[in-house]
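Notes follow once the structure below has been shown.
Order of the sequence lines fixes the chain letters, A, B, ..., with proteins taken first and strands second; residue numbering starts at 1 for each chain.
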Amino acid sequence: MAQVVGQQILRDPALFYWILFPITIVMILTGVLRHYATLLLQSAPKPLEAKAIREQKNYLHGINLRNNANQIPLSSFASRKSYLVQAFQSGSFLKDPDAKNKPPANPMSDPNGMDAMMNMMKGNMMMIVPQTVIMGWINAFFSGFVIMKLPFPLTIRFKSMLQSGVMTRDMDVRWVSSLSWYFLCLFGLRSVFTFILGNDNAADQTMAQVQQMNPQANTQQLFGPGQDPAKMYLAEAENLEVMVQHEFVLDGIEDRILARV
Amino acid sequence: MTRSLPSKLLIAFSSILLAHACYSAHEHSLLLSSTPSPHDSPSATPISGTTLPLDITLETLISVSLLLVGIISSGWELKPISLRSYAGGVESGRILLDGKKVAGLFDGLEERPGFLDVRKQRKEFADWVKTQG
Amino acid sequence: MNAEERDLLLNPIVPENLVANSKTISDLHSLSSSLLGIAAGILGLESYSGFLFYLLGTLFVSTLIVTFVMGGKPEVYSRGGWKDVIAADVTGGVMGFVLTWTLFFGLVRV
Amino acid sequence: MSVSSLLNRFRSASAYPAPSESLSLSQLAPSILNLTITDTPEQWALYESLLLSTLRTADDTSARLILQRLSDRFGNDNARIMALQGIYDEATATNQSQLEEVLKNYTEVLKADPTNIPIAKRRITLLHHLSKKSEAISALTTLIDLNPTDAESWSQLAQFYFEVSMYPQAIYCLEEVLLILPNAYNVHARLGEISFVVAEGLNGSASKEVVEKLEASLRWYLRSVELCDGYLRGYYGIKMVTGKLLDSKISAGHRTIPEEKVNKLNSIATVQLNDIVAGSEKGGKGFVGYDSAEVSAAKDLLAATS
């Protein structure tokens, strides 16, 4: 296939006013709407019962002790360690100590797990539905002609995607149809949303994906569905037990302060 | 973020300059495409950045640089990341929030709003009012 | 415990400030990459020269941030110092740049 | 004035404002109540602070109105609103039996929902206020057993233990706070203070134990200034403890920090305190944050030792 240099196509400026701007504005508006819809759909975390709170918070207590052990004197650490290891191993903080040896509940039947999954579903729907609708709209109305030229060259592989509906074999890949402008908006409007809605907005789906990657961000889901608290307690007890290194931060502090001056 | 007057002016001025440069470049390309060159058909005018006149290029570059300077110098506030200098700044009042002294970073641990003894404070206030006569 | 962990234990950092600072810096970068995109579009830069322009522009913006926002002391406000300022949110910046670059490239040239 | 500037005004006041400050804050009530309700988080935070201020200054009619608006918006069964309602009831109770009634009410709420932490805290405060100190302590330990990662509860428990002179327990609680918030420099200073009080309470001014406690106190204070530059309370403590360590007749065998280092630390603290006192007396720009009472205490300490 011959590469035509300096291919030039005259376009009607009205293309810009009737295609480029509508697509951009619709993309921005959907982003803003998605942001507010996500805020509305966020269900308040379900209150936990006392025993569940106790189970989670005491587990966190163990983690805190392990992470910040160096902040307290060795003797204080040792007494806390022996107490917590003993309590963790005996399972006295568990919601139902009898269930210690049972297999973990099916996440589908656990109401808390269902709740978490429902939230995830909602988030996904908020991203997928508008995307599909807009892509369908663009394909239905604006396909079959090129609207703009990209300022940078792309490989021939992109031709079928970026010139979809344009059956011209020899046209430079840099000429693209309205669908490509949609993709550019999809990825490039992030900075715009940052300024309209603030940084942690739900308009941008790349952020939403990252958030879904780590659902442990809130303590409500410290024990995710399907995890066995009894096993996690035992693992934490073991982690605490094998901690041998303890370096109290107050050791040698007088020299550090003197060295600072 | 509080924008100072000079940077506001700078932003306004350079935005106008940038808009003007954009318009000039547009006019330039219109002119170019409507005057057919002898050896080329109008539908295949080769265009490239090099044909843009020097004054428009300079105007664009200068206006964007000024705009960037204006935006970046308009009072964005960062906070020191080291606890020692941040906490020290807050305690001594060097770091202010909207011109006001902020409470110490961990004051809540000693004030404990959840355990506020309101009757005691009420009594203290009543006593103070009495001393004021 | 290695030396870095030890130093962090003795002289802790404030994670909220670290996050807030890098948010401000990446906000500035995405805003300025959009502006750089406008300039590149007006100038009619194509392919490599456009990306080179973006690189130079980002360096310029980073210098401005270090001088104006950080008062010449980047290590006080970010852990990596200069490196962090330049490398803040590159993908987002490039995307914003390409968007406005393409838009103005098309708008200016008939 | 806008909501945010008003809110800043309340935020810059501590939870224990001076009476004159309480009065001026409480006098903002009419102007705040006349603002249109915008249903923003800031507005409701402002309402909450204003409610406390009006209760402090016994402006009960305004308080009633604010509480009404809050409960209209968030409902009566919101845990936070319930706690505010409780504060209002406590403040406006005129006699002992009414207070007992409020307490009974708290107990009933907690029986129905043991996870209502704001109400649990109100109940503990009221028990303490009614001088049922041991009951307050046991209620607080129950709360901590439910949620051992709440720094505020541990800190309050430390205060309760301190009031009944159970110092080892108080230190234990503050160490728990450090496990949750390892950077809380004021807790380090507090640990220094309690260790100092313990050392003062021991008899035999130069015994090994006293020296041990004084050095522990010094180290906690040193850590607090390591975490926070120019921390007035920390330097005050260093100056005080090093002074004590220097003037008591301590045999070298008891010391773990050599005398010359203690001397140096003392002079560092003196220099820093002098800077702060001089700076705040001049009203220098970088010194406006210091509490005037603390500064004058530091001045007295400097005068007493020089």
Side-chain angles (χ1 to χ4, degrees), chain B residues 1-8 71 73-133, chain D residues 4-5 8-9 11-20 22-23 52 55-58 83 87-88 90-91 93 99 117-118 121-122 124-126 128-129 150-156 159 177 181 183-187 190 225-233 276 279 285-290:
Chain B
M1 193 180 79
T2 46
R3 287 217 165 113
S4 61
L5 188 66
S7 51
K8 264 187 202 160
I71 286 170
S73 65
S74 57
W76 298 77
E77 268 168 37
L78 298 182
K79 290 173 186 155
I81 57 165
S82 134
L83 176 75
R84 187 192 299 165
S85 44
Y86 181 56
V90 168
E91 286 288 333
S92 66
R94 257 175 289 128
I95 295 177
L96 302 172
L97 203 84
D98 290 329
K100 288 260 159 50
K101 147 102 173 108
V102 282
L105 296 181
F106 296 97
D107 277 7
L109 281 179
E110 293 192 274
E111 289 169 351
R112 297 179 289 267
F115 294 97
L116 182 87
D117 191 345
V118 68
R119 285 186 77 80
K120 200 168 137 207
Q121 293 194 345
R122 225 168 136 96
K123 192 167 168 301
E124 278 165 10
F125 183 78
D127 292 344
W128 175 77
V129 172
K130 266 179 220 148
T131 61
Q132 299 287 304
Chain D
S4 62
S5 68
N8 273 334
R9 177 128 188 238
R11 283 218 177 115
S12 59
S14 69
Y16 294 93
S20 54
S22 292
L23 186 61
L52 298 179
L55 284 176
R56 263 175 220 133
T57 56
I87 292 179
Y88 175 83
E90 284 172 42
L99 274 181
I117 288 171
K121 289 184 176 175
R122 289 312 320 152
I124 292 159
T125 314
L126 190 52
H128 184 255
H129 182 81
D150 180 23
E152 191 188 31
S153 302
W154 280 112
S155 172
Q156 184 66 42
Q159 181 60 28
V177 176
L181 295 167
N183 298 340
Y185 51 89
N186 55 353
V187 174
R190 183 82 190 130
V225 301
E226 187 183 42
L227 290 173
C228 174
D229 258 342
Y231 188 42
L232 176 54
R233 193 166 147 197
I276 295 172
K285 193 166 170 287
F287 297 96
V288 289
Y290 291 112

**Prompt:** Is chain B contacted by the side chain of D:Tyr185, its backbone, both, or neither, given a heavy-atom distance below 4.5 Å?
**Reply:** both
**Complete:** Per-residue tally against chain B (heavy atom, under 4.5 Å) across D:Ile124, D:Leu55, D:Ile117, D:Val187 peaks at D:Leu55
**Item:** Which atoms of D:Leu227 approach chain B - backbone, side chain, both or neither, heavy atom under 4.5 Å
**Value:** both
**Message:** Let's test your reading of the structure: which of D:Asn186, D:Ile87, D:Val177 forms the most heavy-atom pairs below 4.5 Å with chain B?
**Reply:** D:Asn186
**Residue, of D:Val225, D:Leu52, D:Leu23, D:Leu126, that accumulates the most heavy atom pairs under 4.5 Å with chain B** = D:Leu23
**Asked** Measuring heavy-atom distances to chain B, does D:Leu99 have an atom under 4.5 Å in its side chain, in its backbone, in both, or in neither?
**Response** side chain
**Message:** Looking at B:Leu109, is its backbone amide N or carbonyl O close enough to the side chain of D:Ser155 to form a donor-acceptor pair, meaning the two atoms are under 3.5 Å apart?
**Reply:** yes
**Complete:** Sorted by chain and number, sequence neighbours left out, ring-ring contact (aromatic ring centres under 6.0 Å, His included) with B:Phe125 holds for B:Trp128
**B:Arg84 side chain vs D:Glu226 backbone, donor-acceptor pair below 3.5 Å** = yes
**Message:** Using the salt bridge (Lys or Arg N to Asp or Glu O under 4.0 Å) criterion, which residues pair with B:Lys123? Sequence neighbours excluded.
**Reply:** B:Asp127
**Request:** Examine whether an atom of D:Leu181 lies under 4.5 Å from a heavy atom of chain B, and if so say whether it belongs to the side chain, the backbone or both; otherwise answer neither.
**Result:** side chain
**Message:** Taking B:Gly88's backbone N and O only, do any of them form a donor-acceptor pair with B:Ser92's side chain (distance below 3.5 Å, no angle check)?
**Reply:** yes
**Asked** So, do D:Arg122 and B:Leu116 sit near enough that their side-chain heavy atoms are less than 4.5 Å apart?
**Response** yes
**Request:** Check whether D:Ala93 gets within reach of chain B through its side chain, its backbone, both or neither, counting any heavy atom under 4.5 Å.
**Result:** both
**Message:** Heavy-atom cut-off 4.5 Å, strictly under: side chain, backbone, both or neither for D:Leu232 against chain B?
**Reply:** neither
**Request:** With side-chain contact (heavy atoms from CB on, under 4.5 Å) as the test, would you mind laying out the steps for D:Ile276 and B:Glu91 before giving the verdict?
**Result:** CA-CA 11 Å; D:Ile276 295 172; B:Glu91 286 288 333; over 6 Å; no
